[in-house]
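Quick notes on the structure that follows.
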Amino acid sequence: MKPIEIAKGIYDVGVQDWNISDFHGYSTPFGTSYNAFLIVDEKIALIDTVKAEFTDELMANIARVVDPKKIDLVVSNHTEMDHSGSLPKVVHRIGDKTPVFCSKMGEKNLSRHFPGRLNLRPVASGEELSLGRNTITFLETRMLHWPDSMFSYLKEQRVLFSSDAFGQHYSGFEKYDDVIGDEIMPHAKKYFANILLLYAPLILKLIDKVAEMGLAIDMICPDHGILWRRDPKKITDAYARWSRQEPAAKAVVVYDSMWHSTEKMADALAAGLYDGGMAVRPMSLKKWHRSDVMTEVLDAAVVAVGSPTLNNGLFPTVADFLTYMKGLKPQNKIGAGFGSYGWSGESVAQIAEILESAGFALPEKGPKIQYVPEAEALLQCFEFGRKLAKRTGANR
Ligand code: FEO
């Protein structure tokens with residue numbers, strides 16, 4: 001796309017990845033973008049690069065603004081390959097000695113990715129770099145979400161280049177929050193739930209730190225998706241809310257089924273949760289991707305997980321989901337297992353064990369039903385749903 005001047009002398013030279021549908025295990029039906037920014041000042045700076053296969057497109061975008069050889073320096077806010085994959089080739093085309101500013105951990109990680117190929121200039125958090133009319137302040141944001149992550153802030157124009165933070169896996173011609181409107185929020189929520197949730201406690205600390213520093217922000221430019229210019233506070237407030245993980249009166253019933261028995265149990269349990277006052281949607285792992293379920297888990301008070309017993313263990317999709325969810329460490333949730341079985345019936349206990357080890361509260365023992373649930377068993381599941389709802393204080 002033709003580079004857009006997003007602020008005075010600042011151009012978005014990034015690329016759209018319309019066709020990516022799986023971003024390391026996260027479903028991206030709307031694709032994504034790899035945003036990169038060119039600051040044209042007395043010195044010309046390139047903030048971040050793109051995935052390796054988009055190198056030519058990035059260079060062509062830059063060339064529509066300036067001759068790439070005129071770029072004086074590159075800033076690498078994050079080492080992950082969707083932002084650094086093209087870095088060695090880009091630097092080679094600009095000039096092999098071009099300095100690449102990065103965090104101290106960025107120096108370490110970029111060296112491990114591209115040994116001997118980059119002229120790295122590690123910077124300390126708070127260090128400034130003048131480009132002429134604009135000054136970049138580097139802010140280390142270690143473990144948000146990699147050890148090397150940092151923000152770059154332009155104080156004169158109050159623009160924050162936030163790397164992955166505040167991003168969304170969304171590819172589109174809409175460039176700004178005020179153009180796309182609220183439609184972008186589910187994408188931002190999904191991004192948070194699947195990429196950043198594990199680091200929620202650090203995000204709360206970072207938000208406090210930014211408030212203490214009194215950083216005025218007119219525009220947030222993440223490395224994925226749209227830019228926040230009309231209301232940057234909307235996304236920072238959402239991050240604070242999601243990071244606090246205050247549960248809503250909402251339940252997720254996630255399950256898989258072999259012969260519809262666990263499915264029937266899930267539907268009855270969901271009806272009981274609803275009757276008990278909770279918003280709820282049963283989510284079959286045959287239909288829903290793990291990352292979509294995780295997005296719903298983010299603000300749920302109850303997560304009920306159902307699996308039949310297969311070969312003395314969990315159904316593989318359920319095991320996959322539990323591993324994924326456990327890694328993201330959601331907090332403040334009630335969990336429960338349930339499921340059908342033929343003869344051995346280990347799945348419900350195995351689910352409970354995993355949920356417990358992931359920090360869920362398990363106040364009620366989940367139902368397990370042999371073979372096919374009849375009316376009485378389904379009533380038991382319904383009542384179980386009501387009991388779980390009651391545990392959250394929900395009321396209808
Ligand atoms: Fe968009 Fe952590 O890379």
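Numbering of ligands and ligand atoms starts at 1, following listing order.
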**Report entry** Pair H224-Y170, ring pair (Phe, Tyr, Trp, His ring centres under 6.0 Å): steps then yes or no
**Finding:** CA-CA 7 Å; H224 298 288; Y170 180 83; over 10 Å; no
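Not a single N/O/S atom of H78, whether from backbone or side chain, sits less than 2.8 Å from atom 1 (Fe) of ligand 1. Atom 1 (Fe) of ligand 1 has no N, O or S atom of E80 closer than 2.8 Å.
Geometrically, R290 engages Y324 in a cation-pi contact defined by less than 6.0 Å to the ring centre and at most 45° from the axis. Cation-pi geometry between K368 and F338 is not satisfied (NZ or CZ under 6.0 Å from the ring centre, within 45° of the ring normal).
In terms of distance to atom 1 (Fe) of ligand 1, the nearest N, O or S atom of D164 is named OD1. Its N, O or S atom nearest to atom 1 (Fe) of ligand 1 is what matters here, and for D82 that atom is OD2.
In this pair, F54 and Y34 present their aromatic rings tilted. The plane angle is within the 30 to 60° band.
The environment of Y274 atom OH is sparse: at most 12 non-hydrogen atoms of other residues, nucleotides or ligands sit within 6.0 angstrom.
Around atom 1 (Fe) of ligand 1, the angle linking H224 (NE2) with H83 (NE2) is 90°, rounded to 10 degrees.
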